[in-house]
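The shown structure was predicted, so the numbers you read here are calculated from the model rather than taken from an experiment.
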Amino acid sequence: MVNCMAPIEFYFVVIAILLLVSVLASKTSSYLGVPSLLLFLAVGMLFGSEGPGGIEFDDMVVSQTLGVIALTFILFYGGLDTPWKDISPVLGKGLILSTVGVLLTALLMGCFVSMLLDLTLIEGVLLGAIVSSTDAAAVLSVLRSKSIALKGRLRPLLELESGSNDPMAVFLTTGVLSLMTGLNSSGWDLVLSFGKQMLLGFVLGVAMGKGAIQLMNRMRLDYEGLYPVVTLAITLLIYGATAMVGGNGFLAVYIAGIILGNSNFIHKRSIIRFHDGIAWLMQIAMFLTLGLLVFPSQLVPVMGGGIIAALFLIFVARPVSVFLCLLPIRVPLCEVGMISWVGLRGAVPIILATFPMIAGVAQAELIFNLVFFIVILSVIVQGTTIQYVAKKFHVDDVLLLRPKSPLEYESTDKDTSDLMEFSITDSSPVAGKRILEMGLPQGVLIVLIQRDNQFKVPMGGSFIESGDTLLVLLDKTKYNETKSIILGSAPS
């Protein structure tokens, strides 16, 4: 345990050093080819009881509590940053992978490790359930930090799956634990519990997400800085209220995040940036805590079994479950292979591994150390080779870096105007015309033209070219008419 007699200033210094070292370590991520989350974990281990830092920490309850809070905010931001237009075409595939795929992975891993190690079948399934889901923080961090571009709808599918499969893993882990501890007596009880949790999680996520939009737009606070505080409270309220009535809180916050992220509400851009920072803080705090929690010397005895179990998960359990899930949909094998490979495990399995420790089940310590070892190997092996594997499967794509707009327009609850973007193609009616020839309605103003990765201030005589992106300030009531003039689409 941490020395409770130390003055508060000591904790301030320690926390500040840990955060600063973690952030600085992330700067080396791209150079070393190692995911930044693994570096956060390494920093925690270096400062842990068996590292040079010598911080003694072994409180599983505190670790689990911090992990649940962190995962709540990470999933909320994951939903907040998920465009519906990107995930809607892959929604069916994503839901199958995040439910059936997680279940198949857990069963395959459970059967294998129970034969490989000194574990009963139900203990093996418990371990399999713990490592069954891909980790949203790990997947999103690797894809975004390495600016990995994938063909078609692969990237939104991977982001959707990793963001939505944690609730299933949490349910399976707690469900198996309830069977082991006698809280549930049969598999039928688990099925009923699953239906209740997922239904309540979805319904309350939708309802409270829509309610949050109305609340944000009607509060009319005097200080802009209070709006992010409101969203923090909303996130905690959604998770807590849903969990209290027996729903899945993680699913609820993810669904609510998607609804908020795809709706208009006051100070939306600044709030999204705020939650981006919170999500990073939560990731760092979570991985640092887990790094402090582990004792590296205890990993040595499980090294052999851990390596074999990790390789089975990477090369057998994950690919087989993905293949079986996507077989009826006839997804190309190259895409199946890529989806299988981007099955990174991260902090969520380690957090779930604290559940058996707190419940006091047999072999809990062995399961925790195995899970930790499996996660490290998964991040190292898969996280460092995603770009290479994408090229081998011929699913890599050219990354189109979009320049950051020098203008931001924050629509308020009373404002009827907004800043819209229109991409010009060869078929656009205005391609080759001057702005003064476009016939834009009154109240519509082209404020910038993006061309060749540069922004130009337009004048009436400026020509519009194919490939341009127009930033247009307009009255929202004029959107359909403006769209028809610029793109040639009929008003809807």
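- In this structure, CD on Gln64 lies 11.0 Å from CG on Leu293, to the nearest 0.5 angstrom.
- Shown here for Leu366 and Leu119, the closest heavy-atom pair between the two residues is CD2-CD2, 3.9 Å.
- You'll find the side chain of Asn165 stays beyond 4.5 Å of the side chain of Leu97, heavy atoms only.
- A side-chain donor-acceptor contact under 3.5 Å links Arg345 to the backbone of Gly343.
- Once rounded to the nearest 0.5 Å, the distance linking CD1 of Ile278 with OG1 of Thr231 reads 8.5 Å.
- Inter-residue side-chain proximity for Ile367 and Val371 is flagged as met; some heavy-atom pair is nearer than 4.5 Å.
- Residues Lys93 and Ile339 are not in side-chain contact: their nearest non-hydrogen atoms beyond the backbone lie 4.5 Å or more apart.
- Side-chain contact between Met338 and Ile386 is present, with heavy atoms from C-beta onward closer than 4.5 Å.
- Expressed to the nearest 0.5 Å, how far OG of Ser98 lies from OH of Tyr254 amounts to 8.5 Å.
- The aromatic rings of Trp280 and Phe40 sit perpendicular, their planes meeting at an angle over 60°, well past the 30° parallel limit.
- Judged by distance alone, with hydrogens and angles left aside, the side-chain atoms of Ser162 form a donor-acceptor pair with the main-chain N or O of Leu158 at under 3.5 Å.
- Scanning all heavy atoms of the two residues, the minimum distance from Leu292 to Gly44 falls at CD2-O, 3.3 Å.
- The shortest distance between side-chain heavy atoms of Phe202 and Thr242 does not fall below 4.5 Å.
- Formation of a donor-acceptor pair under 3.5 Å by the Arg318 side chain with backbone atoms of Gly101 is not found in this model.
- Judged by distance alone, with hydrogens and angles left aside, the side-chain atoms of Ser178 form a donor-acceptor pair with the main-chain N or O of Gly175 at under 3.5 Å.
- Here the side chains of Pro167 and Met198 are in contact, with some heavy-atom distance below 4.5 Å.
- At distances below 3.5 Å, at least one donor-acceptor pair connects side-chain atoms of Lys268 with backbone N or O atoms of Ser263.
- No donor-acceptor pair closer than 3.5 Å links the side chain of Gln382 to the backbone N or O of Val342.
- The structure places CG of Leu260 at 5.0 Å from CZ of Phe265, a figure rounded to the nearest 0.5 Å.
- For the pair Asn262 (side chain) and Thr82 (backbone), a donor-acceptor distance under 3.5 Å is present.
- Proximity of Val23 to Ile284: side-chain heavy atoms (C-beta onward) are separated by under 4.5 Å at one or more points.
- A distance-only check finds no donor-acceptor pair linking the side chain of Thr173 to the backbone of Leu352 [under 3.5 Å].
- The side-chain heavy atoms of Leu232 and Phe73, taken from C-beta on, include a pair separated by under 4.5 Å.
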